[in-house]
Amino acid sequence: MNKSKVYIIGAGPGSPDMLTLRAARCLARADIILYDRLVDRRILGLARPDAELIFVGKSPVQHSMRQEDINTLLIEHAMGGKCVARLKGGDPLVFGRGGEEAAALRKAKIPFEIVPGITTACALGAYAGIPLTHRGLAVSAVLATGHEAPDKDEEQVDWAALARAADTLAIYMGVRHLEHIAECLISAGLASDTPAAIVQNCASPLQRTLTGTLGEIARIARENRVEPPALTVIGPTVTLRETLNWFERLPLFGKRVLITRDTRQAASLSEQFAELGALPIEIPVLRIVPADDTAPLDRAIADLDRYDWVVFTSVNGVEAFMGRLRENGLDARALGRTRLCAIGPATAERLAKYFLRTNCVPARYVSAEIADAMQKIEPLRGKNILLPRADIAPLDLADRLRALGAEVANIAAYRTLAERFDAQDMLAQLREGAIDVVTLMSSSAARFFAEGLGAEHLKKIARSVAFAAIGPITAQTAREVGLPVDIEATEHTGAGLVRAVVKHYRK
Ligand code: SAH
């Protein structure tokens, strides 16, 4: 029999960034991944595209799979010769039952590896500014579970003993029993004014931290409707939060930002928002596909020698053009004598990936400025200019260039199609204020977003939702279709848009 290995992996808490390199390597190897509820789904993006992903999570209200069944599943898949990854939140051995799974595998003689993860109590130091230990304040710490299983066989935590056991007490799973736990600790002699905190969704942009004293923390948690996953810390290091906490002070901390771009372009924008503490939510409203008819572009490519200039108006234009170049058995050398114009730094950067340097990079997508910038390099009279662009791009750039005496071949290189999205769900989120910012990176995005939701519903969007447009043309389209734009980037790039959003919230 061809037995394979099982990796029992800790994913860390909250953000996918908490994963170790070892964990990422093992995940990329797995044929099958069994994952828990507390694992951020974005981590699964590290899996091979053909890997099978199985949710085996337990939630506080519903046990979707019993531990014995998970063990059996691990054994069966490994027996079948599959490389199995068992992915858990935090560390797999800290209240994670990873030890039980490993024991079951050992019994079945299946090789396994355990990959540690950052446990939540540790992440709390970094992300909430509440370390487990701190010189002069806390020299010992205890991790305890506050979960009292309904079945009486489960061992009980001796809270009275823990009240004196350590300087810092980190309690996992204790949200529901906090009242009782606090009472036990206080009656065992722990001062009721001992600093305490409860941290929900630690290490994610949705992190929420509430502080108080041991005597009042249960009430505070109840009044603020704290929900799992949340960790309670009791001890003097809670007071360090004021100094150590950097995460909750990020300029976009906790903002939920809708990314409406094409899936392939969403990642770079999402990353920039996440870096500033925001939670990017990727729901593409459009999709970029090659032009229906590639013959016109192919003909232009066969004739590239004739062209003095190629003007790229977007990253998509670059990709579509280079794609056809490749399909025609050519490469960057075909552009040997042609000057290149890229509108905006992002487009220029994309050309640079193909080792192509641009001769002209007007920063703004304003036809007059583009034409002027090119004209400064050489008079455009009599020049042949190729404009590979979207089928729905504005035509006035070509007009402007022609007015200067150039010959312009205006060729549709790609199409922008509306992507379907769940309008009901999106509307519900927009109404409840579950989204703070909607980013619009193009006129098409604005149009498809509004059309997808339905014009009649646009008025019901919460006032707290801000629409952010990449530039004046997108903003104008957005307003025309009924989206109230509050934020407009002055530099028309992803980074420019992020800066504009930061500025908006700084006010
Ligand atoms: N193995 C995990 C713990 C699993 S038990 C670890 O090492 O962190 C589940 C409990 O962990 C939750 O009830 C909560 O107390 C805590 N927890 C897990 N992820 C958390 C998060 N992102 N924020 C706060 N608490 C979390």
Check: Where the side chain of Asp167 meets the backbone of Val139, is there a donor-acceptor pair that is under 3.5 Å apart?
Finding: yes

Next item on the list: Mark yes when over 12 heavy atoms from residues, nucleotides or ligands other than Gln424 sit less than 6.0 Å from its CD; otherwise mark no.
Entry: no

Note to self: Between Arg415 and Asp292, does any side-chain N to carboxylate O distance fall below 4.0 Å?
What the structure shows: yes

Checklist line | Enclosure of Arg164 CZ (heavy-atom neighbours >12, cutoff 6.0 Å) | finding: no

Note to self: Taking the side chain as everything from C-beta on, heavy atoms only, tell me whether Met79 gets closer than 4.5 Å to Ile110.
What the structure shows: yes

Note to self: Within a 6.0 Å radius of atom CZ on Arg431, are there more than 12 heavy atoms belonging to other residues, nucleotides or ligands?
What the structure shows: yes

Notebook entry, point to check: Which distance, rounded to the nearest 0.5 Å, do you find between the OG1 of Thr439 and the CD1 of Ile487?
Noted result: 10.0 Å

Checklist line | Heavy-atom side-chain proximity of Leu132 to Ser140 below 4.5 angstrom | finding: no

Checklist line | Option among Lys5, Arg25, Arg29, Arg86 that satisfies the salt bridge (charged side-chain N to carboxylate O under 4.0 Å, His left out) test with Glu113 | finding: Lys5

Check: What's the spacing between Leu190 CG and Ile234 CD1 if we round to 0.5 Å?
Finding: 7.0 Å

Check: Heavy-atom distance under 4.5 Å between the side chains of Leu453 and Leu458, does that happen here?
Finding: yes

Note to self: Looking at Ala182, is its backbone amide N or carbonyl O close enough to the side chain of Trp159 to form a donor-acceptor pair, meaning the two atoms are under 3.5 Å apart?
What the structure shows: no

Item checked: Worked verdict on Val56 versus Tyr35 for side chain to side chain contact (heavy atoms under 4.5 Å, CB included) -> CA-CA 6 Å; Val56 294; Tyr35 65 98; over 6 Å; no

Notebook entry, point to check: Can you tell me how far the CZ atom of Arg222 sits from the CD1 atom of Ile217, to the nearest 0.5 Å?
Noted result: 11.5 Å

Note to self: How long is the straight-line distance from OG of Ser314 back to CD1 of Ile288, given to the nearest 0.5 Å?
What the structure shows: 7.5 Å

Next item on the list: Examine the side chains of Thr119 and Tyr172 and answer whether a donor and an acceptor come within less than 3.5 Å of each other.
Entry: yes

Check: Does a side chain donor of either Asn316 or Gln265 reach within less than 3.5 Å of an acceptor in the other side chain?
Finding: yes

Notebook entry, point to check: So, Asn201 side chain and Ser204 main chain: donor-acceptor pair closer than 3.5 Å or not?
Noted result: no

Check: Do Lys255's NZ or CZ and the ring of Tyr505 fall within the cation-pi criteria of under 6.0 Å and 45°?
Finding: yes

Notebook entry, point to check: Sub-3.5 Å donor-acceptor pair from the side chain of Asp422 to the main-chain atoms of Asp425, do we have one?
Noted result: yes

Note to self: Quick check for you: to the nearest 0.5 Å, what is the distance between Ile283 atom CD1 and Ile259 atom CD1?
What the structure shows: 10.5 Å

Notebook entry, point to check: Is there side-chain contact between Glu327 and Thr294, with heavy atoms separated by less than 4.5 Å?
Noted result: no

Next item on the list: Using a cut-off of 6.0 Å, state whether more than 12 heavy atoms not belonging to Arg219 lie near its atom CZ.
Entry: yes

Note to self: Counting only heavy atoms from other residues, nucleotides and ligands, does the tally under 6.0 Å from CD of Glu456 exceed 12?
What the structure shows: yes

Next item on the list: Determine, step by step, whether Leu87 and Ile8 satisfy the side chain to side chain contact (heavy atoms under 4.5 Å, CB included) criterion, reporting the C-alpha distance in whole Å, the side-chain angles of both residues, the deciding distance to 0.1 Å, and the verdict.
Entry: CA-CA 6 Å; Leu87 191 60; Ile8 300 174; over 6 Å; no

Margin query: Could you check whether Arg256 pairs with Asp436 (Lys NZ or Arg NE/NH1/NH2 to Asp/Glu carboxylate O, under 4.0 Å)?
Written below: yes

Next item on the list: Check the surroundings of atom CZ in Arg41: do more than 12 heavy atoms from other residues, nucleotides or ligands lie under 6.0 Å from it?
Entry: yes

Margin query: If you count every heavy atom of other residues, nucleotides or ligands that lies below 6.0 Å from Lys460 atom NZ, does the total exceed 12?
Written below: yes

Checklist line | Point-to-point distance, once rounded to the nearest 0.5 Å, from CD of Glu275 to CG of Leu250 | finding: 8.5 Å

Margin query: Quick one, Val257 and Ile281 - any side-chain contact, counting heavy atoms below 4.5 Å?
Written below: no

Next item on the list: Check each of Arg264, Arg326, Arg350 against Glu319 using the salt bridge (charged side-chain N to carboxylate O under 4.0 Å, His left out) test, and report the only one that passes.
Entry: Arg350

Note to self: With a 6.0 Å cut-off on the ring centroids, do Tyr7 and Phe112 count as close?
What the structure shows: no

Next item on the list: State whether the side chain of Asn245 and the backbone N or O of Phe247 hold a donor-acceptor pair below 3.5 Å, judged by distance alone.
Entry: yes

Note to self: Could you check whether any side-chain heavy atom of Val502 comes within less than 4.5 Å of a side-chain heavy atom of Leu252, counting everything from C-beta outward?
What the structure shows: yes

Checklist line | Sidechain-backbone polar pair: Gln207 side chain, Tyr127 backbone, donor-acceptor under 3.5 Å | finding: yes

Item checked: Under 3.5 Å donor-acceptor, Thr474 side chain and Leu440 backbone -> no

Item checked: Under 3.5 Å donor-acceptor, Asp40 side chain and Ser15 backbone -> no

Next item on the list: Using a strict cut-off of less than 4.0 Å between a Lys/Arg side-chain nitrogen and an Asp/Glu carboxylate oxygen, indicate whether Glu282 and Arg261 qualify as a salt bridge.
Entry: no

Check: Quick check: does any side chain N or O of Glu100 sit under 3.5 Å from a backbone N or O of Arg97, one acting as donor and the other as acceptor?
Finding: no

Check: Should the pair Glu451-Arg447 be classified as a salt bridge under the 4.0 Å nitrogen-to-oxygen rule?
Finding: no

Next item on the list: For the pair Gln429 (side chain) and Ile435 (backbone), establish whether a donor and an acceptor sit closer than 3.5 Å, ignoring hydrogens and angles.
Entry: no

Item checked: Ion pair check, Glu248 and Arg241, cut-off under 4.0 Å -> yes

Notebook entry, point to check: Should the pair Phe421 and Phe449 be assigned to parallel (<30°), tilted (30 to 60°) or perpendicular (>60°) ring geometry?
Noted result: parallel

Check: Is there a side-chain contact between Thr145 and Ile171, using heavy atoms and a 4.5 Å cut-off?
Finding: no

Note to self: Does any part of the side chain of Leu74, heavy atoms only, come nearer than 4.5 Å to the side chain of Thr72, both counted from C-beta?
What the structure shows: no

